[in-house]
Structure formats: C-alpha cells, structure tokens
Amino acid sequence: MLRVLATRYTSALPELRRLLLDLGLVPGEEGEGWAVLDSHSGRVRLRSAEPGSPQDGTTVFGVEVRDPQEFARRTADDGGQAALEDSAGGPRVRITGPDGFGFTAEPTSHAGRPVDADPDMTVRLEWNTPDLDGAAATLAAIGARPRPDPQLGPATAREFTAKNGGVIAAVRADAASAGGLVLEYSGRRSELMPRLALAGWAAEEVTAEEAEEGSRPGGVARVRIPTPDGRGVTILAAGPATGAEMR
C-alpha cells in the first residue's frame, strides 16, 4: 500500500478545511487541532500552528503505508534509504533521498477511497530537488509508479502515482525542499473557477504562456488561492478556461 499524505500546518485550520471541502474533498478523521480530508486520490492532513510561527503555512511531504517494517525492507531492497523510527502513532519509516531530503511513511489502517469525493481532484506532492535522477530513483524504490510523460508538471519533472491514491513529482530546483499544498484538477477550468467564485474564494490564474521558463506544459494553468496563513493552495488545472474568470 502507498498513498499520498500532505500535512499542512496552519493558523487558519477552519478556513483551510472549508476550502478543501469546497474543492470536493470529504471529511475523514478529525480531532482537537487537526483534521484529515480525503480526496478521490490522496489525503490532506491539517494541523494547527501558531500565527506567524515558522510552521505556519508549511506543507510536509509524506506517505501512508500498511506495514512499516515490510515497507522499509522492500524500499531498502530496491535501493532506497529507509530507516524505522518510533513516533506517537507507532513505528514509521524515514526515507532519505540522495540530496538529503527526507520524508516519512506513516502506518494507516484506512485503505479505501471515498466514493463521494470529487473524482477530478487529486492530492499532489512535489519534491523540489537539484538531483532529479536521485529523487526519481527514491520514489521508484518506495513503490511509486512512473507516469509515462509529465502531465501537469514542468517538462523536466519526474511524475509518479501512488497505488492507493495521489501523485508524487520530483521537480528541478536549486535546493532540496517540499513544495506547498498542491492539487491536480482533471476537469475543465470553466467548471472549477465559477465553483470557487460561488463559494467566495478569490483566486488568480497563471497560464503556461504567462509563466516563466520551465513552467507547466501548454494548456495547463496554475490557479493560486490565497489563504489566511499566507501560503495559499495551488491547483494545477488542464483545459481551456472558457467560463467566468475570477479576479
């Protein structure tokens, strides 16, 4: 089992939760100061952070697995660097790439996909890295499946899918880091944009023609939705924006 789990630390948990619900995610698990929402493919966990703290608005790259011990063994057998470590939720696996970037694989018993989530919305993790080959090898070692060609990422990106939901991409950058909270939308922007506007969300859209060199393939737009924690949410959307625009 392998599923994307993006964790967003935020001082605006209720607002982020509402935005994700408006985008078609559905409630999963919730507690004091945290919430997990399920997309049709991948999950987002929200955790409270103090306003203005270093954590506020940051997104942590992570995945969920069924059996940490077996996952660690298979990853190591396939050439990845994997180490078991203790956590409050039980044993988890620390994965480290050749560029020094690390992330965790957490155990879960939640295996199904919600039938009532928007089928066009997918959670996407982005690993910014100066070593695309090394990051891609690490993602293959954890069991992610390569996409034949980059679909919504930069032309140089290495994109993978997780068997149980979500997309993972290695994106060329000067330094290793996790990207922000990113979703992919496979429907038409002409449907997405009015839906956001109706829900009261202001957003801006940058097309491939307006973006800088190394941006998304033609026909793909980056839609940025500002959020109170200052970092926003990004949606990568394909297809023409023939409906009402949002400004």
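By convention here, the first residue in the shown sequence is residue 1.
To the nearest 0.5 angstrom, Arg8 atom CZ is 8.0 Å from Asp56 atom CG. Expressed to the nearest 0.5 Å, how far CH2 of Trp127 lies from CG of Asp99 amounts to 5.5 Å. With rounding to the nearest 0.5 Å, the separation of CD in Gln55 from CG in Asp229 is 12.0 Å.
Side chain of Asn128 to backbone of Ala176: no donor-acceptor contact under 3.5 angstrom is found. Panel note: side chain Ser11, backbone Pro51; no donor-acceptor pair is recorded below 3.5 Å. When atom types are taken as modelled, the side chain of Thr75 and the backbone of Ala72 share no donor-acceptor pair closer than 3.5 angstrom. Using modelled atom types, no side-chain atom of Thr234 and backbone atom of Arg224 make a donor-acceptor pair closer than 3.5 Å.
Minimum interatomic distance between Ala169 and Arg124 (heavy atoms only, all atoms of both residues): CB-NH2, 3.3 Å. Across all non-hydrogen atoms, the minimal contact from Ser48 to Leu13 is OG-CD1, 3.6 Å. Between Pro68 and Pro107, the shortest heavy-atom distance links the atoms CG-CB, 3.7 Å. When all heavy atoms of Phe160 and Ala140 are compared, the closest pair comes out as CE2-N, 4.1 Å. Closest heavy-atom contact between Leu2 and Ala144: CD2-N, 3.7 Å. Scanning both residues, Pro27 and Arg17, for their nearest heavy atoms gives CG-NH2, 3.9 Å.
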**Report entry** Chi angles and distances behind the side-chain contact (heavy atoms from CB on, under 4.5 Å) call for Val171, Thr129
**Finding:** CA-CA 6 Å; Val171 179; Thr129 178; over 6 Å; no
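At most 12 non-hydrogen atoms from other residues, nucleotides or ligands lie less than 6.0 angstrom from CG of Asp174.
Take Arg3 and apply the side-chain hydrogen bond (donor to acceptor under 3.5 Å, both in side chains) test, not counting sequence neighbours, and it matches Glu64.
Comment: Glu15 does not engage Arg18 in a salt bridge, judged by the lack of any side-chain N to carboxylate O separation of less than 4.0 angstrom. Ionic pairing of Arg74 and Asp78 is not present here: no N-O contact between side-chain nitrogen and carboxylate oxygen is shorter than 4.0 angstrom. Taking 4.0 Å as the cut-off between side-chain N and carboxylate O, Glu106 and Arg43 do not count as a salt-bridged pair.
Contact annotation: the side chain of Val60 never approaches that of Arg47 to less than 4.5 Å [non-hydrogen atoms, C-beta and beyond].
Here the rule is side-chain contact (heavy atoms from CB on, under 4.5 Å) with Phe61, and of Ile168, Val4, Thr7 only Ile168 fits it.
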